[in-house]
> 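Here's a structure for you.
Bear in mind the structure is a predicted one, so any value in this text is a computation, not a measurement. A, B, ... follow the sequence lines: proteins, then strands. Residue 1 opens every chain.
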2 protein chains.
Amino acid sequence: MPATSTRERLVTEAMRLFGEQGYSATSIVQIEAAAGLAPGSGALYHHFKSKQALLDAGIDRQLDRRHAMRDIRALFAGLGDLHAELTMLGRYLLSVLDDESQLLRIAARIPAHQSARLTDARAALFDGLYAELADWITGWAPDLKPETAATLGALGVDALHGRRAAGTAFATPQPGTADEHYLTEWTATLASRIESLRHGDGQ
Amino acid sequence: MPATSTRERLVTEAMRLFGEQGYSATSIVQIEAAAGLAPGSGALYHHFKSKQALLDAGIDRQLDRRHAMRDIRALFAGLGDLHAELTMLGRYLLSVLDDESQLLRIAARIPAHQSARLTDARAALFDGLYAELADWITGWAPDLKPETAATLGALGVDALHGRRAAGTAFATPQPGTADEHYLTEWTATLASRIESLRHGDGQ
DNA sequence: GTCTATACTAAGATAGAC
DNA sequence: GTCTATCTTAGTATAGAC
């Protein structure tokens, strides 16, 4: 990490501290200190108009990263095996949730009305993940009612998110020990439901 | 609601405001005003030593309520039909999450280290719900490895929690329109998995 | 761009009259 | 137990020297 700009360091440290302590509980002084500036000097304000503007910059940076990661999903289409593809899809969904865990942690702690940008970023993430799983399910059970596929997609993503939400309260990304067990059961459960829907179609 | 004590009103209003705005974003002045005391008077401090003590009292009150609700689960044991029992169990789990939504909302917004009592209350709730679903599953598939039952129990509860977590960011308890669809799919998915585990036992 | 110093505001908590 | 008034601390943000 050679020669990052002060502005960049401020965003990085601010988002880290927001994630650990919450937005309002993190002071400008702390952020300045963490970024290597003199704590208490208003040096931060030469880069950002306000604390809110700093948060907005952090959100935008995360959104940029999110866009840069698009179209990875195509990588594991076409294995031809429902169970194998679903396993990879589950792993992928979990990794996305981990990439976004900082933003999710911050969003979870801020009252919804306080930052529309943050609320929107969170909603867009989940809408995307719901749709991703639902689309994949539809590919394997084309005659499924769109509503059923959407609900099952939401259920699958919600389960993974719920799994992370407990650890999301803490700052540490959580050990992956039991992750594999969970993911195995997740795959088996969804696969079982999808299989039964493929035969009893129209549902 | 006749003649509630000032102390009781303070706890009620404080927990409501903590849930809506977060703990640190809610001021003593606001709480006093909401409870019908003169805003800015230290009148609150005749009932509670500090803001933290007020939160603790709110948590304890919720824990008391939780204990008072125990042993309802026995009500829907013994219908004899897996699908029917699971539907009722799902509805019950959702209702518990709704009863606890205020506390969960508050807990989600407070850094974990700031209130061990709150973190513990949250963990105890989920441990209880995980075990409740896992036990029921074990009743229908006795030969299941305890670990598998536990994982599937966690998955089921996590899915319901994830479903509520989106709405949990907001203060409103969320309309129940799509709840039935979700619960129907939840039941079908878990039932499908349990059925398959009953036959391919030992797993 | 970063520093020292400080203005301004709001919060948690206390003292003492009634 | 509740009030008015106030102490103390901490946070956001700004001004001006370097």
> Separation of A:Lys51 atom NZ from D:dT14 atom P, in whole Å?
15 Å
> Could you tabulate the donor-acceptor pairs under 3.5 Å formed by side-chain atoms of residues 52-60 of chain B, not counting sequence neighbours?
| unit_1 | atom_1 | unit_2 | atom_2 | d |
| --- | --- | --- | --- | --- |
| B:Asp60 | OD1 | B:Arg117 | NH1 | 3.1 |
| B:Asp60 | OD2 | B:Arg117 | NH1 | 2.8 |

> Round to a whole Å and report the spacing from CD of A:Glu32 to P of C:dA5.
15 Å
> Should B:Leu37 and B:Leu10 count as side-chain neighbours, where that means a heavy-atom distance under 4.5 Å?
yes
> If I take atom CD1 in residue A:Ile28 and atom P in nucleotide C:dA5, what distance separates them, rounded to the nearest angstrom?
20 Å
> So which of A:Leu144, A:Leu82, A:Asp143 actually passes side-chain contact (heavy atoms from CB on, under 4.5 Å) with A:Arg198?
A:Leu82
> Considering every strand and a 4.0 Å limit on heavy-atom distances, what is the contact class for B:Ser24: base, sugar-phosphate, or nothing?
nothing
> If only side-chain N and O atoms count, and only distance matters, is there a donor-acceptor pair under 3.5 Å linking A:Arg9 with A:Thr6?
yes
> Roughly, in whole Å, what's the span from CG in A:Leu10 to P in D:dT12?
14 Å
> Expressed as a whole number of angstroms, how long is the span from B:Ile31:CD1 to C:dG12:C1'?
11 Å
> Please list, pair by pair, any protein nitrogen or oxygen found under 3.5 Å from a nitrogen or oxygen in nucleotides 1-3 of chain D.
| unit_1 | atom_1 | unit_2 | atom_2 | d |
| --- | --- | --- | --- | --- |
| D:dT2 | OP1 | B:Thr6 | OG1 | 2.9 |
| D:dT2 | OP2 | B:His47 | NE2 | 2.7 |
| D:dT2 | O4 | B:His46 | NE2 | 3.4 |
| D:dC3 | OP1 | B:Ala38 | N | 3.3 |
| D:dC3 | OP2 | B:Ala38 | N | 2.9 |

> Between C1' on D:dT12 and OH on A:Tyr23, what's the gap in Å once rounded to a whole number?
10 Å
> Flag the pair A:Asp179 and A:Arg164 as a salt bridge only when some basic side-chain nitrogen lies within less than 4.0 angstrom of an acidic carboxylate oxygen.
yes
> Taking atom C1' of D:dT12 as reference, at what distance in whole Å does atom CZ of A:Phe48 sit?
16 Å
> Would you indicate, yes or no, if D:dT14 has its OP1 or OP2 atom less than 4.0 angstrom from a side-chain nitrogen or oxygen of A:Tyr45?
no
> Could you give all pairs that pass the ring pair (Phe, Tyr, Trp, His ring centres under 6.0 Å) test and reach residues 7-35 of chain B, with sequence neighbours left out?
B:Phe18-B:Tyr23
